[in-house]
Amino acid sequence: MDIDNYMKRLLGVGFWLAPIAFWSCGNSQEHTAAAVNPEDSVSMMTSYGVNTLISDSGVIKYRIVAEQWDVNTVRQPSRWEFMKGIFFEQFDEQFHVEAYIQADTAWYFDQQRLWKLRGRVNLRNTEGFIYNSEELYWDGILHEFYSTAFSRLVTPERTLEGTYFRSDERMTHYTVTNSKGSFMASDLEGDDSAGNDTVVKSQ
C-alpha cells in the first residue's frame, strides 16, 4: 500500500473519531455507590474472646466475659454490642463478687450509660436473689435495674412473677407490680381489699 494513501486514510479516521471522543468525555457520568446509612454501618472495632474489667469513676465495678465485642461509634446513639452473649461479675467496693448477670445478647449505650440485656437474662447475687426475664435494663446513672417484660423473682423468702420490675444494683430494694406468687403479708402496701398488686421489698 502506498504510504501517502495510508496516512491520508488514517488522518481521515482520526478526524471522524475526534468529535466522538470529545462528545463522550463531555457527557461522562460519575458512578458512585449509594450512601451508607447509619443503621447499615459496621462496627469500628471487634474483639474476640473478651475477658476484661470495667471501672466506674476509677473504681472497678464488674468483669465482662464475652465471645465477641463490637464497638460502633457511627450509629446514633453510639454503642457496644454483644451479639453472642455476655457474662458479668459485679463487685462491691472491696472487690468482692456481689452478683452474676448473664444474657444472650446485650447492648451498651455509652452516652446514656445504659445496658439493654435481651434473651435469657439471668441475675443472681450472693444473698440468694435470682431473677429471670427476657429483657432487662441496667441504668448506670441511676444505678438500678428495671424491666417491663414478664419477670420471675426468687428470694429465700418468696417467689414472685410480674410484668414490671425495678431494683437497685444490689437488689436490696425492689418493686414488682402486676405480681403473683408467694410472699409475706408484710410485703403488701396499701389496702389489700382494694386489689393492690404491688409488692415492695426493702432491706
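Numbering starts at 1 and runs along the sequence shown.
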Chemist: Calculate, to the nearest 0.5 Å, the distance between atoms CG and NE2 belonging to Asp168 and His143 respectively.
Modeler: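 One finds 11.0 Å between CG of Asp168 and NE2 of His143.
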Chemist: Minimum heavy-atom separation for Met171 and Ala99, please, with both atom names.
Modeler: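 Answer, listing the atom of Met171 first, then Ala99: CE-CB, 3.8 Å.
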Chemist: First locate atom CD of Glu144, then atom OG1 of Thr175, and finally report the distance between them rounded to the nearest 0.5 Å.
Modeler: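 Taking CD in Glu144 and OG1 in Thr175, the distance rounds to 9.5 Å.
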Chemist: If Ile, Leu, Val, Met, Phe, Trp and Tyr residues are connected whenever their side-chain heavy atoms lie under 4.5 Å apart, and connections chain through other members, are Val71 and Ile86 in the same group?
Modeler: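 The answer is yes; both residues are in one hydrophobic cluster.
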Chemist: Could you grab the distance from atom OG1 of Thr148 to atom CZ of Arg166, nearest 0.5 Å is fine?
Modeler: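 Interatomic distance, Thr148 OG1 to Arg166 CZ, rounded to 0.5 Å: 10.0 Å.
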Chemist: Please answer: with hydrophobic residues joined when any side-chain heavy atoms are less than 4.5 Å apart, are Ile60 and Tyr100 in the same cluster?
Modeler: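 Ile60 and Tyr100: one cluster.
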Chemist: Can you tell me how far the CZ atom of Phe91 sits from the CZ atom of Arg63, to the nearest 0.5 Å?
Modeler: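 It comes to 4.5 Å.
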Chemist: Can you name the one residue among Phe145, Phe165, Phe150 that meets ring pair (Phe, Tyr, Trp, His ring centres under 6.0 Å) with Tyr131?
Modeler: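 In the set Phe145, Phe165, Phe150, the residue that makes a ring pair (Phe, Tyr, Trp, His ring centres under 6.0 Å) with Tyr131 is Phe165.
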Chemist: Looking at every heavy atom in both Arg124 and Ile130, which two are closest together, and how far apart are they?
Modeler: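 Minimum heavy-atom contact is NH1-CD1, 3.4 Å.
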Chemist: So, do Glu89 and Tyr62 sit near enough that their side-chain heavy atoms are less than 4.5 Å apart?
Modeler: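 No, too far: nothing below the 4.5 Å cut-off.
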Chemist: Extract all donor-acceptor atom pairs below 3.5 Å that involve side chains of residues 101-109 and protein atoms in other chains or at least two apart in sequence.
Modeler:
from, atom 1, to, atom 2, distance (Å)
Asp104, OD1, Arg120, NE, 3.3
Asp104, OD1, Arg120, NH2, 3.3
Asp104, OD2, Arg120, N, 3.0
Asp104, OD2, Arg120, NE, 3.0

Chemist: Does Leu53 offer a backbone N or O that forms a donor-acceptor pair with the side chain of Ser55 under 3.5 Å?
Modeler: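 Flag not set: sc Ser55 to bb Leu53 has no pair under 3.5 Å.
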Chemist: Distance check, rounded to the nearest 0.5 Å: Ser47 atom OG versus Trp69 atom CH2?
Modeler: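 So the gap between those two atoms works out to 6.5 Å.
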Chemist: Would you say Val50 ends up clustered with Trp80 if hydrophobic residues are merged whenever their side chains have heavy atoms under 4.5 Å apart, either directly or through other cluster members?
Modeler: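 Trp80 and Val50: one cluster.
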Chemist: Using side-chain contact (heavy atoms from CB on, under 4.5 Å), reason through Gln111 and Arg79 one step at a time and then give a plain yes or no.
Modeler: CA-CA 8 Å; Gln111 295 176 359; Arg79 66 200 65 191; over 6 Å; no
Chemist: Among Thr73, Asp110, Asn72, whose side chain to side chain donor-acceptor pair (under 3.5 Å) with Ser78 holds?
Modeler: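 Single side chain to side chain donor-acceptor pair (under 3.5 Å) partner of Ser78 among Thr73, Asp110, Asn72: Asp110.
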Chemist: On a heavy-atom basis, which atom in Glu135 and which in Ser147 lie closest, and how many Å separate them?
Modeler: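 Answer, listing the atom of Glu135 first, then Ser147: O-OG, 2.7 Å.
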Chemist: Check each of Phe87, Tyr48, Trp115 against Phe82 using the ring pair (Phe, Tyr, Trp, His ring centres under 6.0 Å) test, and report the only one that passes.
Modeler: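 Going through Phe87, Tyr48, Trp115 one by one, the ring pair (Phe, Tyr, Trp, His ring centres under 6.0 Å) with Phe82 is satisfied by Trp115 alone.
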Chemist: Would you name the heavy atoms of Gln112 and Ile141 that are closest together and state the gap between them?
Modeler: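 Heavy-atom minimum between the residues: O-CD1, 3.5 Å.
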Chemist: Shortest non-hydrogen contact from Ser133 to Ser151?
Modeler: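 Closest pair (atom of Ser133, atom of Ser151, distance): OG-OG, 3.6 Å.
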Chemist: Do Glu81 and Arg75 come within less than 4.5 Å of each other through their side chains, counting heavy atoms only?
Modeler: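 Counting from C-beta outward, Glu81 and Arg75 do come under 4.5 Å.
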Chemist: Could you grab the distance from atom CG of Asp70 to atom CE of Met45, nearest 0.5 Å is fine?
Modeler: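 Here the rounded value is 8.5 Å.
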Chemist: Between Gln68 and Thr46, does a side-chain contact (heavy atoms from CB on, under 4.5 Å) hold up when you go through it step by step?
Modeler: CA-CA 7 Å; Gln68 181 176 330; Thr46 299; 3.9 Å; yes
Chemist: Looking at every non-hydrogen atom in both residues, tell me the closest pair between Thr159 and Arg152 and how far apart they are.
Modeler: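 Shortest heavy-atom separation between Thr159 and Arg152 comes out as CG2-NH2, 3.7 Å.
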Chemist: Verify side-chain contact (heavy atoms from CB on, under 4.5 Å) between Met44 and Val74, making sure each step is shown before the conclusion.
Modeler: CA-CA 8 Å; Met44 303 298 293; Val74 178; 3.5 Å; yes
Chemist: Classify the ring geometry of Trp138 against Phe88: parallel below 30°, tilted from 30° to 60°, perpendicular beyond 60°.
Modeler: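 Answer is perpendicular, since the angle exceeds 60°.
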Chemist: Can you tell me if Asp92 uses its side chain to pair, donor with acceptor, with the backbone of Phe95 under 3.5 Å?
Modeler: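 Yes.
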